[in-house]
Every structure is written in C-alpha cells, then in structure tokens.
Amino acid sequence: MRWSKALIPTHKEDPSHAETTSHKLMLRAGLIRRLTSGVYNYLPLGWRVVRKVEAIVREEMDRIGSQELLMPVVSPAELWQETGRWDVYGKELWRVHDRNGREFALGPTHEEVVTDIVRNEVRSYRQLPFTLYQIQTKFRDEIRPRFGVIRAREFIMKDAYSFHRDEDSLNETYRAMYDSYCRIFDRCNLNYRPVEAATGAIGGSASHEFMVLCDTGESEVIVCECGYAATDERAEGLIADVMPPEDPLLAEPVDTPGMKTIEDVSEFLGVESWRLIKTIVYVADGDPVVALIRGDRDINEEKLAGLLGASIVEAAPPDIVEKVTRAPVGFAGPIGLSEVRLVVDRSVEPLKNVVVGGNAVDVHIRNVNPGRDFVVDDYCDIAMIGKDDVCRQCGKSMGSFRGIEVSQVFKLGTKYSDSMKATFLNENGKAMPFVMGCYGLGISRTVAAIIEQHSDGAGITWPMSVAPFEVEVLAVKFKNEEVRAASERLYDDLRAAGVDVLLDDRHDSPGVKFKDADLIGIPIRVTIGERGLKSGILEIRMRKTGEQRDLPIEGAAAEIARIVEEARV
RNA sequence: CGGGGCGUGGCGCAGCCCGGUUAGCGCGCCUGCUUUGGGAGCAGGAAGUCGGAGGUUCGAAUCCUCUCGCCCCGACCA
C-alpha cells in the first residue's frame, strides 16, 4: 500500500472525547472513527489489524477442530422466549421489529440460534462431540458505552459453541478451548491471565475469563500467591473477624433522625461501620428477599442470585422496601420481619451488640445480637470479596489487579438444550439433551487491549503478528529521483517476498513522516534518503525498541524479509 | 437511570458571565514558489445556518424554555 493513496487520517492532537490510551491512539492513528455512541467505523488501517487478529483466531480454532459457520445477526423473538432470555437479558438486548410489528433481537450472543440449528440437524450421539464457531458483528445495547471499542454497542466477536453427549466430553473440549485461547493471546503478545468467573446472563456451571492486565481495565481480579485468581463477582474468600469478645447487652431502640446510610448512622452514633448490619431488600425473580451483611462490606448480587437460584436479582424499589420493612428506605433491619426470606452473610455471625435498622422511621436498634434477636437459619457467602481478604485455599491474604476481559468461556451444561428441547439419541435409543459449552472472544476488544499494552509516548508499537503492515518504507524527499527509485524497488521486492509493506511516498517533510510512522507503529521502519544512498545504505529501525542499524541496499529486501519472518509468530 | 460536563469550519480550542457591525485563533486542507533526516517558510485561497426548535430584544454564539447529541463518574459485560 502507498500512503499517498491510502486513507490513513492521522491527527497530531489527542481527541477531546477519548480518555484511555487505546481509544486515543486508535483515533489518532486513523484506525477507527466514531459513528455514534458505542458504534465505530473501522478505517483501512484498523480493519487490517482486525483481520490479522481474526486470522490468528481462525487458525487456532481450526487447529482444535472447531468449524466455522455464519449465523444471522437478526433472530426472531420466539427463539429468545423459549429460553426466557427475551425477558432475562433485559434492556441490553437490542430489539427491533419488522414492518408487520414482529419482534426480533440483534444477536448479543448466539446460544439460542446455534441450539436451534443443532436440534434440527443432529440426531445421534455418533455425531458428537463437535464445535461450531463464527466471527461476527454483535450487538449489546450497553448502559454506558465506554473507552472506544472496548465497551461498544456494536462489536466484533468470535463465538464458539460445543455440543456433547456428557460432561466428560464437555470438559475435554473446554480444556482444549482454554488452551487454544492461551495460544491466541500469546500470539497477540498480550500479558493476560485466565481467572475464575461468574456466569451471569449466559448461565452454566463453570466459567473462566481471560484478563489482559491493564490499570484502566474495567474488571477487578482478586488473586492469591497460591495461584487462586477470580473476578470480584466470583471471588470467594474469608472476611477477617474484627469483633472483640464482648458480653451481650440488652437490645434497645435509639432515635436516628434522618440517618439513612451506614455512614450516617455510624457517624451519628459514634460506632465503627463494622458494628452495624447492612440490611438490603432485593427482588429476586419477583419475590422480595432481605440480605444481611456486616456494615463495612458489600453484597455480591451474583452470589446472592446463585444461592437463591434466581435469574434476576435487583435492589428493591422504594415501595417494595416500605412494604417489606414498614419504613422508608434507610431503616431496614432484620428484627420482626416476617413472610420474607432472610439471607445472612457469614460476616454477620461473629457480631455482638451491633446496630441494625428499626423498621420504623428514624429508629435504629443497638446491642443487637444475631441468633438471639433474630433467627438465622443458615449463614451463607454473599459477600463481595476484596483484595484485603483471606484466601480460602491457603489462608494467606490476597491481592488484586485490574484487567480488560477479552474473552470468557462457559460450561453451559443442558441449560439451553433443556429449555429448547434439543436432544440426541444415545446408544440405548433414549433422547438426551445436548451438553453444551460456549466460548466468546472479543476481537475488537482484543485489538484495543493490544494497544493498551503496546504503546509509548509517540504512538502504537504493534507486535509483528497483528501489525497492519509489517514494514514501512519511509522515503525522505520522495521527489528525489534516486530516493524514489530505491524506495520503489525495495517496496516491490518486499511485496514480492510476501511482506506486508507500506510505502510512505508522500511529498511531506521528513518530520511529518517520522511522526506519523511512530504514531501508526509499524514494527519495522526502513528509511531511505539521499544521505544514505550516497554510500549505498538504508536505515532500518525497530519501532518498539528503537534499535536501529544501517543496511547495504544490495540484498536489503531479502534481509528485511528474513527479519520479518523471524518476528512472525 | 442518577450525578457532573460539553456541543462554535475536518481536528483542538477562544468568545458566552457583562447581548452590539464582516465570529476569532492554532493545526489541517487547496494553489503557487522555495524547502526536505524528526510535525518547514512566504504569498494567496476554500471552508462555520455557533447542535436543533421556540422565545425575549431594535439586535442573540452570548439571556430564557424545550429538545437532540456527545463525553466523564456510578449500577452491566466480549
């Protein structure tokens, strides 16, 4: 490609709307342009990178025997209603309707569609196991699109689905896919880590997310030196007991006018926040539930939902809170509640003489003792675990890091095949539901994640494997006949050698070209100018390391092609 | 959805509080000449219904109302 004919619109200044490194650089280097919130054009340079990442993904999917297909973006509402996700997925499911008012979803993921294909086409256990995948545009009407393509409403994803006769077979493919993902991210030169994850709206029994380490990442991972690593939604751990031994005192109401938050009450009464019990009313699949946790901690709604076996758990609206506690929001407590399920976190068990809401306006109760003043059937783990908590596996205190979630794999089990009646016949002629796995990988997000880890003050520093071009030939003073001839020859020779090469043949000043070269970050830059030509040399420079050396023009193309070949993964 | 902020040539911004002629600046773009190893110089030029609608006023980018869009912080996920 010749730069003079290419659409590579670079910018000297940072765009005003972008915050993160990758977002700024993708805009400045002319990889993407925003069309509307969370929706992006991929310009030629950006698209080339997407294609490179896709190629790696395809190779690795093929390697484990996964077959590529293409499913439609649009799918009918009825399919989603079969599994209940038409409702469960909520507003994030991008819904459209046709001219007759019939409803459709723009696919955010394709469990329903792929299961529909398989239930119609696969009959026998002899056909199992197999894995299907596609690379396609996905739609999620995100609450808040963010960070350019990292959280977009329209994005590119590779999604794979495996079908099995039993759990053992699923486990085998799950492992193969997990290893495949490791190879993919290794080849993209990413510093990443697979961690245990919650299953969320997709469902299933086990899940891992692949996290690319990045301080501005949106996900928090809890880690322990023993090897344990899990997302904060999923992490288990022990919350250290801070309660000193105390004799139980007599519970008594206390006036707390207008004190509605843990912070208010703890300040007003002059007690530490852990000497309170946080009481939160939730609605789980339509039914109110009250959850209790120590005052300085937060409830993990994901865990609560899992414990209750509910698909939707959300904080109750004020009218439900009032109905349940007979008081406005802010004075909920466990004492005297009836006809509502109480879920109590383990952190509450050791507490003595603590403060709870009084279930009445402007009243709290102090010196409350769990078990004595209210009944606890069972203490559970519904706590959001943090980096300062203690590992359940080894007992050491844990740490945390932030990351970008580039992929997630799930063991789905029969969740979808059950609800969609997708079955095969086993050896005994008995109809069995397919055991399924699903495996997502955000292609566009991976591109952004690569930039997050591969840039410097001057621009992007692409790894060879995903760079839009492998070599940039920068002609200083392209007008000069000798420079022009030498550049053209090298350009042709490199292309003939199978190298992706960009020729900067613009008639701009050298400064402009050098700055642009740094910005778009092609791994190898070859500079050809009058100066070097006099002595028959050109200059080759590695973008990432800044390492540079002179090369005789004779045989330069072959030498450069060799270096490129070596750097390819 | 709650909180905060912003919409002025392609990009980055000033002007707005305190209304007043042809709406500025830097970058970019076009033409010509000179220049060419780290964002060149000179000369000339194109490009904006000041997000939109309504209102106040002799007069609105500026004040008021409504509306649309965008970004950031929190509840969602590849």
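Everything numeric in this text was worked out from a predicted model, so none of it was measured. Below, all heavy atoms of this structure are taken into account, side chains as well, without hydrogens, waters or symmetry copies.
- A distance of about 13 Å separates the P atoms of B:rG54 and B:rA60, rounded to the whole Å.
- Rounded to a whole Å, the CD atom of A:Glu19 is 15 Å from the P atom of B:rC6.
- Within the 4.0 angstrom heavy-atom criterion, only backbone atoms of the sugar-phosphate kind lie near A:Val406; the bases stay farther away.
- Nearest to the side-chain atoms of A:Glu13 among the listed nucleotides B:rC77, B:rC11, B:rC72 stands B:rC11.
- Here B:rC6 sits opposite B:rG69 as a Watson-Crick or G-U wobble pair (both hydrogen-bonding atom distances under 3.5 Å).
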Show each protein N/O and nucleotides 29-36 of chain B N/O combination with a separation under 3.5 Å, one pair to a line.
unit_1: B:rU36; atom_1: O2; unit_2: A:Asp508; atom_2: O; d: 3.4

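- What separates CZ of A:Phe139 from P of B:rC77 is a distance of 19 Å, to the nearest Å.
- Comparing B:rC76, B:rC72, B:rC70 by their closest approach to the side chain of A:Arg34 singles out B:rC70.
- More than 12 heavy-atom neighbours from other residues, nucleotides or ligands sit within 6.0 angstrom of CZ on A:Arg33.
- Base pairing of B:rC63: its partner is B:rG55, meeting the Watson-Crick or G-U wobble criterion (both donor-acceptor distances under 3.5 Å).
- Pair assignment for B:rC33: B:rG41, on the basis of Watson-Crick or G-U wobble contacts that are both within less than 3.5 Å.
- Side-chain atoms of A:Arg525 come within donor-acceptor range of the base of B:rG38, with a qualifying N/O pair under 3.5 Å.
- There is a side-chain donor-acceptor pair under 3.5 Å between A:Gln134 and A:Asp159.
- Note on A:Arg146: a side-chain N or O is less than 4.0 Å away from OP1 or OP2 of B:rG74.
- Across all strands, A:Phe410 comes closer than 4.0 Å only to sugar-phosphate atoms, never to a base (heavy-atom distances).
- Distance check on atom C1': B:rC29 versus B:rC11 gives 11 Å, rounded to whole Å.
- Taking the C1' atoms as reference points, B:rA23 lies 11 Å from B:rG9, given to the whole Å.
- Using modelled atom types, one finds no donor on one side chain facing an acceptor on the other under 3.5 Å when comparing A:Thr83 with A:Tyr416.
- Across A:Val406, A:Ile404, A:Thr231, a single residue satisfies side chain to side chain contact (heavy atoms under 4.5 Å, CB included) together with A:Met211, and that is A:Thr231.
- Side chains of A:Ser180 and A:Glu60: a donor-acceptor N/O pair is absent below 3.5 angstrom, by distance only.
- Taking the nucleotide of RNA chain B with the nearest heavy atom to each of A:Asp14 and A:Ala152, the more 5' of the two is matched to A:Asp14.
- Counting heavy atoms of neighbouring residues, nucleotides and ligands inside a 6.0 Å radius, atom CG of A:Asp215 does not exceed 12 of them.
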Short N/O separations, protein against nucleotides 1-4 of chain B, under 3.5 angstrom:
none

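- Here the nucleotide nearest the side chain of A:Lys12, chosen from B:rA40, B:rC27, B:rC77, is B:rC27.
- A:His23 has its NE2 atom 12 Å from the C1' atom of B:rC72, to the nearest Å.
- As judged by a 4.0 angstrom heavy-atom cut-off over every strand, A:Glu539 is placed among the base-contacting residues.
- Between A:Ile156 and A:Gln548, the residue whose closest nucleotide on RNA chain B is further toward the 5' end is A:Gln548.
- With both ends at atom C1', the span from B:rA14 to B:rC25 equals 7 Å, rounded to whole Å.
- A:Leu519 places its CG atom 18 Å from the P atom of B:rG38, with the value rounded to the nearest Å.
- Judged by Watson-Crick or G-U wobble contacts below 3.5 Å, the nucleotide B:rC1 has B:rG74 as its partner.
- Nucleotides B:rU62 and B:rG20 have their P atoms positioned 10 Å apart, rounded to a whole Å.
- Across all strands shown, A:Ile150 has heavy atoms under 4.0 Å from base atoms, whether or not it also approaches the sugar-phosphate.
- If you measure from atom CZ of A:Arg140 to atom P of B:rA78, you get 5 Å, rounded to the nearest angstrom.
- Side-chain contact check for A:Ser4 and A:Asp505: at least one donor-acceptor pair (N or O, by modelled atom type) lies under 3.5 Å.
- Contact annotation: side chain of A:Arg151 to base of B:rC77, donor-acceptor pair present below 3.5 Å.
- Of the listed nucleotides (B:rC70, B:rG39, B:rC76), B:rG39 has the atom at the smallest distance from the side chain of A:Asp516.
- Separation of the C1' atoms belonging to B:rG15 and B:rG26 is 15 Å when rounded to the nearest angstrom.
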Just do the salt bridge (charged side-chain N to carboxylate O under 4.0 Å, His left out) check on A:Glu482 and A:Lys534 with the steps written out, would you? CA-CA 10 Å; A:Glu482 286 135 61; A:Lys534 283 199 179 91; over 6 Å; no
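- For B:rG39, the base is not stacked against the aromatic ring of A:Phe514, per a cut-off of 5.5 Å between centres and 30° between planes.
- Of all nucleotides present, only B:rC13 satisfies the Watson-Crick or G-U wobble test against B:rG24, with each distance under 3.5 Å.
- Other residues, nucleotides and ligands contribute more than 12 heavy atoms inside 6.0 Å of the CD atom of A:Glu559.
- Every residue two or more places apart in sequence or in another chain was checked for a ring pair (Phe, Tyr, Trp, His ring centres under 6.0 Å) with A:Tyr133, and none qualifies.
- Minimum interatomic distance between A:Ile382 and A:Ile293 (heavy atoms only, all atoms of both residues): O-CD1, 4.4 Å.
- Taking the P atoms as reference points, B:rU21 lies 16 Å from B:rC50, given to the whole Å.
- Side-chain atoms of A:Thr36 lie closest to B:rG69 of the nucleotides B:rG39, B:rC77, B:rG69.
- For the side chain to side chain contact (heavy atoms under 4.5 Å, CB included) with A:Lys158, the lone residue among A:Met61, A:Gln136, A:Glu68 that qualifies is A:Met61.
- For A:Ser16 and B:rC13, the shortest distance from a side-chain N or O to OP1 or OP2 is below 4.0 Å.
- Distance, A:Asp298 CG to B:rG74 P: 14 Å, rounded to whole Å.
- Nucleotide B:rG38 holds its P atom 15 Å from the CG atom of A:Asp504, rounded to whole Å.
- Here the separation of B:rC64 from B:rC77, taken at their C1' atoms, is 42 Å to the nearest Å.
- For the residue pair A:Asn191/A:Gln453, the side-chain donor-acceptor check at 3.5 Å is not satisfied.
- A:Arg28 has its CZ atom 12 Å from the P atom of B:rG12, to the nearest Å.
- The partner of B:rC18 cannot be assigned: no Watson-Crick or G-U wobble pair with both contacts below 3.5 Å exists in any strand.
- Within the 4.0 angstrom heavy-atom criterion, only backbone atoms of the sugar-phosphate kind lie near A:Gln408; the bases stay farther away.
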